[in-house]
Amino acid sequence: MKKGVEYTGNVVGISFPNKGKVSCGEEGMAMVKGTIPGQTVRFVVSKKRSGTCMGRLKEVLKKSELEDAEPQCPHFEGCGGCAYQTMRYENQLRLKEKMVKDILDHAAVSDYRFEGILKSPMQWEYRNKMEFTFGDEVKDGPLALGMHKRNSFHDIVTVNQCQLVDGDYRKVLDCVLNYCKQKNLPFYKKLTHEGYLRHLLVRRTTVTKQMLVAVVTTSDKKWEEQAHWNALSKELQSLNLNAQLCGVLHIINDGLADIVQSDETRILFGGEFVDEELLGLRFKISVFSFFQTNSLGAEVLYTKAREYIGDTRDKIVFDLYSGTGTIAQMAASVAKKAVGIEIVEEAVRSAQLNAERNGLEHCEFIAGDVLKVIDDIKEKPDLIILDPPRDGINPKALQKIIDFGVEKIVYISCKPTSLARDLELMQSQGYRLEKACAVDMFPNTVHVECVVLMSRVDR
């Protein structure tokens with residue numbers, strides 16, 4: 001295969017999360033992102049690295065037999081967020097279940113019990129947080145507000161009919177976009193670092209039905225008076241929403257990186273927090289708090305994790321990479337003590353506040369890097385729960401975790417390939433993969449979570 005040349009082939013397999021293995025017969029094999037097993041596709045080779053060809057999808061010539069549904073979202077073709085909408089939910093689950101099992105089967109060095117996949121209680125309108133980006137759909141086109149166009153770093157598709165979120169999100173997006181158009185406000189350009197509008201953050205809780213709205217801009221003074229965000233706040237308050245609008249914020253972000261962060265937060269209306277309920281516990285969360293984006297799906301995930309954790313009575317439990325401390329608080333009601341470690345200080349403050357509100361006195365949350373912090377904790381754990389970022393655990397930190405020698409480790413992962421890498425070290429150091437379960441937290445997308453139970457093997 002040659003770079004820049006088009007080929008046609010059949011998708012014969014998939015590499016998590018969404019790179020299809022495309023066979024072109026005698027011409028060779030390529031990995032093509034955004035494909036589904038069983039499709040016939042046309043693609044162009046974009047990279048050749050270490051003997052592997054990477055292709056860019058040009059056209060699906062023949063659908064897979066798995067594709068038995070019409071996309072429900074009108075933005076499906078332009079937006080790259082929900083690649084699995086052409087499959088009925090049952091087929092999505094089967095594909096994700098097979099991917100996770102194949103990864104774990106390859107990683108496991110002994111027999112284990114795979115418990116299949118648990119579905120999300122909601123297939124549509126399940127997200128409790130969205131980050132929309134300001135931009136344009138074509139160069140120098142009208143202002144857009146939404147998601148990145150499929151396979152594009154710059155172009156933005158206005159997704160005011162997105163089906164992953166409740167109708168309240170769509171009303172808020174339309175209101176903010178129309179207001180910014182009327183004010184002729186420019187969006188921030190990532191390459192030149194010029195402009196004003198950056199992001200719109202919306203968080204709407206599922207159980208309590210409360211909402212926060214935050215507009216993120218640069219601090220460019222020449223647009224401040226023209227924007228007059230108090231006027232937008234009043235328009236948002238006048239919307240006919242199903243949720244209670246608890247806060248409207250203006251967040252200043254002058255960072256060069258294309259990430260959402262706050263240099264300064266200005267409250268235009270209400271406050272900075274909403275409340276959500278999960279498994280009988282109540283959580284106070286901000287627009288920046290780490291909280292599972294599918295509240296009802298999180299209950300499914302944490303119920304399975306709690307089953308794997310088992311009896312915590314009179315035990316010391318470590319919840320590492322603890323976020324806002326959801327898992328630690330689940331274990332704390334009967335545990336001797338639950339200790340959560342999280343590097344994001346804002347998340348730790350939220351965890352401490354939430355534990356107090358839930359009347360959990362045996363919780364301690366520590367801000368810092370797991371690699372460094374666990375050296376300074378006096379208590380030794382009886383049980384460890386891991387819920388690391390997508391890229392998994394730093395090998396040095398994982399070795400320290402293994403060295404505690406606890407009987408059981410429960411590992412929650414949003415990227416099974418990272419989990420598989422970490423399992424290799426854990427199994428080589430005296431742990432056995434006992435059982436595993438996939439959980440679909442992200443219907444219609446390529447992503448899937450899984451939870452595994454590791455048990456110490458006597459050596």
What donor-acceptor contacts under 3.5 angstrom involve side-chain atoms of residues 438-453, with partners at least two apart or in another chain?
residue	atom	partner	partner atom	Å
Asp440	OD1	Lys96	NZ	2.7
Asp440	OD1	Phe442	N	3.4
Asp440	OD2	Tyr89	OH	2.6
Asn444	OD1	Gln92	NE2	3.1
Asn444	OD1	Gln123	NE2	3.0
Asn444	ND2	Gln123	O	2.9
Thr445	OG1	Phe442	O	2.8
Thr445	OG1	His447	N	3.2

Least distance between heavy atoms, Met330 atom then Leu281 atom
N-CD1, 4.0 Å
Using a strict 4.0 Å threshold on nitrogen-to-oxygen distance, state whether Arg204 and Glu125 make a salt bridge.
no
Given 3.5 Å as the limit, does a donor-acceptor pair link the side chain of Ser289 with the main chain of Phe291, or not?
no
Test side chain to side chain donor-acceptor pair (under 3.5 Å) on Asn91 and Asp68; report intermediate values, then the result.
CA-CA 9 Å; Asn91 282 345; Asp68 54 358; 2.9 Å; yes
I'd like to check Leu95 versus Tyr84 (side-chain heavy atoms, cut-off strictly below 4.5 Å). Are they in contact?
yes
For Gln39, the option from Glu67, Lys62, Glu65, Lys63 that meets side-chain hydrogen bond (donor to acceptor under 3.5 Å, both in side chains):
Glu67
Between the main-chain N or O of Ser233 and the side-chain N or O of Gln237, is there a donor-acceptor pair closer than 3.5 Å?
yes
Any idea which heavy atoms bring Gln429 and Gln399 closest together, and the distance?
OE1-NE2, 3.3 Å
Less than 4.0 Å between a side-chain N and a carboxylate O, is that true for Lys98 and Asp102?
yes
Mark yes when over 12 heavy atoms from residues, nucleotides or ligands other than Glu70 sit less than 6.0 Å from its CD; otherwise mark no.
no
Find the distance between CZ (Arg198) and CG (Asp258) and round it off to the nearest 0.5 Å.
6.5 Å
Tell me, which pairs form a side-chain hydrogen bond (donor to acceptor under 3.5 Å, both in side chains) where one or both residues lie in residues 412-427, sequence neighbours left out?
Tyr411-Asp422
Distance check, rounded to the nearest 0.5 Å: His199 atom NE2 versus Phe132 atom CZ?
11.5 Å
More than 12 foreign heavy atoms under 6.0 Å from CD of Glu345: is that the case here?
no
Met211 and Ala243 have their tightest heavy-atom pair at CB-CB, 4.2 Å
Closest approach of Leu66 to Pro37 (non-hydrogen atoms, all atoms of both residues)
CD1-O, 4.1 Å
Any idea how Tyr196 and His250 line up, ring-wise: parallel (<30°), tilted (30 to 60°), or perpendicular (>60°)?
perpendicular
Under 3.5 Å, which donor-acceptor pairs do the side chains of residues 295-306 form with other protein atoms, sequence neighbours left out?
residue	atom	partner	partner atom	Å
Ser295	OG	Asn128	ND2	2.8
Ser295	OG	Glu276	OE2	3.0
Glu299	OE2	Leu279	N	3.0
Thr303	OG1	Glu299	O	2.6
Lys304	NZ	Glu115	OE1	3.1
Lys304	NZ	Glu307	OE1	3.2
Lys304	NZ	Glu307	OE2	3.4

Is any side-chain heavy atom of Glu434 less than 4.5 Å from a side-chain heavy atom of Tyr308?
no
Do Arg203's NZ or CZ and the ring of Phe288 fall within the cation-pi criteria of under 6.0 Å and 45°?
no
Shortest non-hydrogen pair, Leu212 vs Ile285, comes out as CD1-O, 4.2 Å
Distance-minimising heavy-atom pair for Phe43 and Gly55
CD1-CA, 3.9 Å
Tell me whether Lys48 contacts the main-chain N or O of Met1 through its side chain, where contact means a donor paired with an acceptor under 3.5 Å.
yes
Neighbour count >12 (heavy atoms, 6.0 Å) for atom CZ, Arg49:
no
Does a side chain donor of either Ser286 or Glu346 reach within less than 3.5 Å of an acceptor in the other side chain?
yes
